[in-house]
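All residue numbers in this chain count up from 1 along the given sequence. Both counts, for ligands and for their atoms, begin at 1 and track the order of listing.
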Amino acid sequence: MSEGTHDTVREIRHGDRDTLARHVAGSLAEALQSSLQQRSHASLIVPGGSTPVPVFRVLREQTLPWSRVRVSLSDERWVPPTSHDSNEHLVCRELLQGKAAAAQLIGLTSAIETPWLAVNDCAQRLAQLPRPFDAVLLGMGDDGHTASLFPGSDALVSGLDHEHGEDCVASHPEGIPQPRLSLGLHALLDSRLLILCFFGESKWQIYQEALTADPMQMPVAAVLRQTRTPVTVHWAP
Ligand code: 6PG
């Protein structure tokens, strides 16, 4: 393991993905446990995608008062929770198992027809989670998106405004199969612990580029270049 820093960013490069999963799951569990010393409930925001799965599989076996943990999503594809494309489906399948089965999942989708019509409902759902969140876990796409904040998206004006932006923003980015609902930066940065995880050499290069990129072109740059919330970047080959 090697470490490095930029202004708000602390980098941890792990030797392999299992080591990263154990380290990140330990950090998340510690944040939740620490919060529950003072709060009746703890709050955890997680992404979809493949990267968090090894973390989920370690985290779900951590000994925590999981019934007092409320879990929601950094973003969602606007599909039924029964769909294999649903992030809620992924979290139920990979995280809310074992000891973590007792946790309360607060999904972002509903019978509301489109994410644009559901923005207020999403904000009300999020209001069930203690703020600031105790931990937010994010991934990063090859195009520099994070959550469902995509380059060139019409949701970025509000989605990247961490001071006055909406908690939830809707979009249907070009080339993405389903409409998306995403937490905006305003919500994603409202956390006691903020972790960004990604794997592989090509994503390390994308990350290096994002450190100095225009957030409108690489939205993950907005997470890396803000000075409000320290972010820890975990990488493995
Ligand atoms: C989603 C995620 C998304 C993800 C990135 C990286 O809904 O897919 O929230 O932001 O973190 O696309 O995905 P991988 O982890 O699969 O590379």
- Measure the distance from atom 10 (O) of ligand 1 to every protein heavy atom, then report the residue, atom name and distance (to 0.1 Å) of the closest one. Ala147 O, 2.6 Å
- Task: May I ask you to check whether Thr146 has an N/O atom sitting below 3.5 Å from an N/O atom of ligand 1?
- Result: no
- Item | Protein contact to atom 15 (O) of ligand 1 [nearest heavy atom, distance to 0.1 Å] | Thr51 OG1, 2.6 Å
- Side-chain heavy atoms of Val53 within contact of Leu90, under 4.5 Å: yes
- Taking NZ, NE, NH1 and NH2 as the nitrogens, is one of them in Asp121 or Arg125 under 4.0 Å from a carboxylate oxygen of the other? yes
- Query: Do Pro151 and Pro219 touch side chain to side chain, with heavy atoms closer than 4.5 Å?
  - Reply: yes
- Would you check the N or O atoms of Gly48, main chain and side chain alike, for any that come under 3.5 Å of an N or O of ligand 1? yes
- Could you walk me through whether His14 and Arg22 pass the side chain to side chain contact (heavy atoms under 4.5 Å, CB included) check? CA-CA 10 Å; His14 300 274; Arg22 287 195 301 273; over 6 Å; no
- Provide, to 0.1 Å, the distance between atom 5 (C) of ligand 1 and the closest protein heavy atom, together with that atom's residue and name. His145 NE2, 3.4 Å
- Contact with ligand 1 for Arg77, non-hydrogen, under 4.0 angstrom: yes
- Message: Check this for me - ligand 1, Gly141, N or O atoms closer than 3.5 angstrom, yes or no?
- Response: no
Please tabulate, for side-chain N and O atoms in residues 186-201, each donor-acceptor pair with protein atoms closer than 3.5 Å (sequence neighbours left out).
{"residue": "His186", "atom": "ND1", "partner": "Asp167", "partner atom": "OD1", "Å": "2.8"}
{"residue": "Asp190", "atom": "OD2", "partner": "Arg131", "partner atom": "NE", "Å": "2.6"}
{"residue": "Asp190", "atom": "OD2", "partner": "Arg131", "partner atom": "NH2", "Å": "3.2"}
{"residue": "Ser191", "atom": "OG", "partner": "Phe133", "partner atom": "O", "Å": "3.3"}
{"residue": "Ser191", "atom": "OG", "partner": "Val136", "partner atom": "N", "Å": "3.3"}
{"residue": "Ser191", "atom": "OG", "partner": "Leu193", "partner atom": "N", "Å": "3.4"}
{"residue": "Ser191", "atom": "OG", "partner": "Leu193", "partner atom": "O", "Å": "2.7"}
{"residue": "Arg192", "atom": "NH1", "partner": "Asp134", "partner atom": "OD1", "Å": "2.9"}
{"residue": "Glu201", "atom": "OE2", "partner": "Gln205", "partner atom": "NE2", "Å": "3.0"}

- Quick note on ligand 1: atoms under 4.0 Å from a heavy atom of Lys203 include exactly 6 (C), 14 (P), 17 (O)
- Query: Got His164 and Ser158 here, is their nearest side-chain heavy-atom distance under 4.5 Å?
  - Reply: no
Indicate every side-chain donor-acceptor pair of residues 98-112 with a distance under 3.5 Å to a residue at least two apart or in another chain.
{"residue": "Lys99", "atom": "NZ", "partner": "Glu61", "partner atom": "O", "Å": "3.3"}
{"residue": "Lys99", "atom": "NZ", "partner": "Thr63", "partner atom": "OG1", "Å": "2.9"}
{"residue": "Gln104", "atom": "OE1", "partner": "Arg70", "partner atom": "NE", "Å": "3.1"}
{"residue": "Ser110", "atom": "OG", "partner": "Ile112", "partner atom": "N", "Å": "3.2"}

- Quick one: which ligand 1 atoms are inside 4.0 Å of a heavy atom on Asp75? 1 (C), 2 (C), 7 (O), 9 (O)
- Query: What atoms of ligand 1 come closer than 4.0 angstrom to any heavy atom of Asn87?
  - Reply: 1 (C), 7 (O)
- Worked check of side chain to side chain contact (heavy atoms under 4.5 Å, CB included) between Thr232 and His23: CA-CA 12 Å; Thr232 305; His23 190 128; over 6 Å; no
- the protein heavy atom lying closest to atom 13 (O) of ligand 1 turns out to be Gly49 CA, 4.0 Å
- Item | Enclosure of Glu113 CD (heavy-atom neighbours >12, cutoff 6.0 Å) | no
- Query: How close does the nearest protein non-hydrogen atom get to atom 6 (C) of ligand 1, and which residue and atom is it?
  - Reply: Met140 O, 3.4 Å
- Message: At less than 4.0 angstrom from any non-hydrogen atom of Gly139, what atoms of ligand 1 do you find?
- Response: 11 (O)
